[in-house]
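Just so you know, these numbers use all the heavy atoms, side chains as well, and skip hydrogens, waters and symmetry mates.
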Amino acid sequence: MGKQYASVSPTEDINMKTERQRKYRYVRKEGSCNVVFRHVPEEWLMFVFDIFTTLVEIRWRVMFLIFALSYILSWLFFGILFYIIALAHGDVKDPNTEPCVFEVRSFTAAFLFSLETQTTIGYGFRGMTENCMIAIIIVTIQDVISCFIDTFVIGIAVAKMASARKRAQTVGFSNCAVINLRNDFLYLSWRVGDFRKQHMVEGTASAQLVRTTRHITGKVDVMYEDLVIKQKDLILVTPTTIYHKIEPGSPLYKMSLEDLRKEDFELVVTFTYTDDSTGILHQTRTSYTPDEILWGQLFQEMIRVTKRNYRVDYNLFHNTAKVRVPLVSAEDYELKKQVRPSPRLSPRRSPRSSPRPSPKSPQQNHQEKLMKPPTVTVELVSEPTASSSGLPSEPDGQRKETLTLPNDPTLAEM
């Protein structure tokens with residue numbers, strides 16, 4: 001029975017040669033999906049229609065470039081309009097005429113007037129007059145557009161800072177998953193923890209086994225198998241170990257250590273939760289390959305209880321220790337437990353076959369003694385006879401007789 005157990009490291013050689021082609025992950029360790037879409041119909045049109053989500057998902061440097069260009073281009077566009085109005089009114093050629101805009105007699109002055117109008121700087125050198133109605137209308141339109149640009153920029157920046165991706169970076173999974181015995185059953189487990197002091201309201205854990213099958217014809221099938229998780233709804237105040245019992249119906253039920261090393265799948269685990277501060281729904285995910293599932297390992301304890309509080313040492317979050325675990329599959333392990341011989345029974349009689357007499361009281365023992373008839377032992381000895389030598393000879397024989405007298409009640413009284 002001792003040969004069936006061993007502590008195993010993922011780098012140990014177990015007399016098995018596996019030639020497995022390297023495959024890129026379906027879900028990366030940080031949670032992003034390794035999928036690229038091509039030839040999407042009307043891709044740019046969909047991005048333009050959903051411009052808010054597009055700007056939230058792009059990178060910060062691209063967003064800053066777009067916002068800077070939106071302001072500069074709007075200033076430049078309205079500056080050109082004010083310069084055209086100045087040319088049409090004759091403010092550039094004749095400085096003695098009543099201008100549409102004070103101190104706007106060149107393109108540079110028109111651009112500065114547009115910038116001051118949209119940013120509401122108001123240096124006091126340039127201003128509108130009542131001579132040109134078209135200039136007044138242009139200034140009104142520019143003020144309205146500037147309000148829309150400011151609102152859009154602030155909204156995008158706030159939404160991007162409150163993005164679920166940033167909050168998801170503060171909730172992490174262990175670098176590996178482990179398989180060990182728990183309550184005499186094989187369990188697959190991994191760890192999840194929240195690194196912030198402000199914890200979430202509630203969370204739900206889930207796991208799927210993703211298999212990618214490539215056919216000779218070039219067709220690729222992606223199949224998903226759900227794993228049943230015990231106590232999947234939890235409050236993540238301290239780091240928690242999530243367990244999956246390897247039982248009938250589990251994709252890992254017929255998988256031994258050798259089978260695990262030969263397999264080519266990906267375990268995708270997720271944790272969906274609601275943030276306590278913002279009330280936004282977030283999801284953190286990662287994946288484990290068969291090489292990252294350690295057989296015969298156990299997560300080290302990282303919670304210590306003191307007189308004042310609970311202390312969590314995140315230095316031990318990814319640490320594991322070796323334990324003795326059978327190398328066979330969960331199915332074979334269950335069969336071996338069923339055929340395991342039971343301990344032999346002792347030759348003593350069972351308590352049911354020979355019941356132990358109950359103790360009797362002293363009064364009952366006294367009554368039983370009185371009921372028994374008295375017994376008298378009589379020893380008959382024959383007299384010795386003298387021998388010819390004058391010495392007494394040994395007795396011919398002795399007899400002992402036992403007489404039982406009838407039970408007389410009067411004797412009991414005496």
Which value, rounded to the nearest 0.5 Å, describes the distance between [X] atom [atom1] and [Y] atom [atom2]?
X	Y	atom1	atom2	value
Leu186	Tyr333	CG	OH	7.0 Å
Ile179	Leu294	CD1	CG	9.0 Å
Leu112	Ser106	CG	OG	8.0 Å
Leu316	Arg304	CG	CZ	7.0 Å
Leu327	Leu260	CG	CG	11.5 Å
Phe78	Ile85	CZ	CD1	10.5 Å

Checklist entry - Is the centre of the Phe67 ring less than 6.0 Å from the centre of the Phe64 ring? => result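 Ring centroids of Phe67 and Phe64 are no less than 6.0 Å from each other.
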Are [X] and [Y] close enough that some pair of their side-chain heavy atoms sits under 4.5 Å apart?
X	Y	value
Phe265	Val210	no
Leu252	Leu188	yes
Ser206	Val269	no
Val268	Tyr288	no
Leu65	Val62	no
Phe148	Ile145	no
Tyr314	Val312	yes

Strictly distance-based, threshold 3.5 Å: is any side-chain N or O of [X] a donor or acceptor partner for the main-chain N or O of [Y]?
X	Y	answer
Asn183	Phe185	no
Asn180	Gln297	yes
Asn131	Cys100	no
Lys245	Tyr187	no
Thr240	Leu236	no
Thr129	Pro99	yes

Item to check | Residues Ile66, Ile58; criterion side-chain contact (heavy atoms from CB on, under 4.5 Å); working and verdict | outcome: CA-CA 11 Å; Ile66 293 175; Ile58 62 176; 3.9 Å; yes
Once salt bridge (Lys or Arg N to Asp or Glu O under 4.0 Å) is applied, do any residues pair with [X], and if so which ones, sequence neighbours excluded?
X	result
Arg211	Glu225, Glu263
Glu266	none
Glu292	Arg25, Lys29

Next on the checklist: Between Val27 and Asn34, is the side-chain contact (heavy atoms from CB on, under 4.5 Å) condition met? List the steps.
Outcome noted: CA-CA 6 Å; Val27 177; Asn34 190 18; over 6 Å; no
Next on the checklist: I'd like to check the ring pair (Phe, Tyr, Trp, His ring centres under 6.0 Å) partners of Tyr71; sequence neighbours left out, ordered by chain and number.
Outcome noted: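 Residues passing ring pair (Phe, Tyr, Trp, His ring centres under 6.0 Å) with Tyr71: none at all.
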Going by atom types only, do [X] and [Y] share a side-chain donor-acceptor pair under 3.5 Å?
X	Y	answer
His215	Asp221	yes
Thr204	Thr272	no
Glu30	Ser32	yes
Asp143	Ser146	no

Identify the two heavy atoms, one from [X] and one from [Y], that lie closest to each other, and give their separation to 0.1 Å.
X	Y	value
Phe173	Thr270	CZ-C, 4.0 Å
Ala109	Val104	CB-CA, 3.8 Å
Pro326	Leu181	CD-CD1, 3.7 Å
Phe52	Ala159	CZ-CB, 3.9 Å
Arg191	Asn319	NH1-O, 4.5 Å
Phe299	Cys176	CZ-O, 3.4 Å

Checklist entry - Would Lys337 and Glu334 pass as an ion pair if we require N to O under 4.0 Å? => result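 A salt bridge is present here (some side-chain N lies under 4.0 Å from a carboxylate O).
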Checklist entry - Going through the distances and angles, do Tyr273 and Phe271 end up as a ring-ring contact (aromatic ring centres under 6.0 Å, His included)? => result CA-CA 6 Å; Tyr273 54 94; Phe271 185 70; 5.5 Å; yes
Checklist entry - Is there any salt bridge (Lys or Arg N to Asp or Glu O under 4.0 Å) pair reaching into residues 97-120, and which pairs are they, with sequence neighbours excluded? => result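 Every salt bridge (Lys or Arg N to Asp or Glu O under 4.0 Å) pair that includes a residue of residues 97-120, provided the two are not neighbours, is Glu116-Arg126.
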Checklist entry - Would Ile229 and Tyr243 satisfy side-chain contact (heavy atoms from CB on, under 4.5 Å), going step by step from the backbone distance to the final call? => result CA-CA 6 Å; Ile229 296 177; Tyr243 293 95; over 6 Å; no
Heavy atoms of other groups near [X] [atom1], more than 12 under 6.0 Å:
X	atom1	result
Phe49	CZ	no
Phe77	CZ	no
Arg28	CZ	yes

Checklist entry - Between Ser189 and His244, is a side chain to side chain donor-acceptor pair (under 3.5 Å) present by the stated rule, with each step listed? => result CA-CA 6 Å; Ser189 59; His244 163 68; over 6 Å; no
Checklist entry - Val192 and Ile242: side-chain contact (heavy atoms from CB on, under 4.5 Å), yes or no, with the steps? => result CA-CA 8 Å; Val192 59; Ile242 301 174; 3.6 Å; yes
Sequence neighbours left out, cut at 3.5 Å: what donor-acceptor pairs do the side chains of residues 135-142 make with other protein atoms?
residue : atom : partner : partner atom : Å
Thr140  : OG1  : Ile136  : O            : 2.9
Gln142  : NE2  : Ser114  : O            : 2.9
Gln142  : NE2  : Ser114  : OG           : 2.8
Gln142  : NE2  : Gln118  : OE1          : 3.3

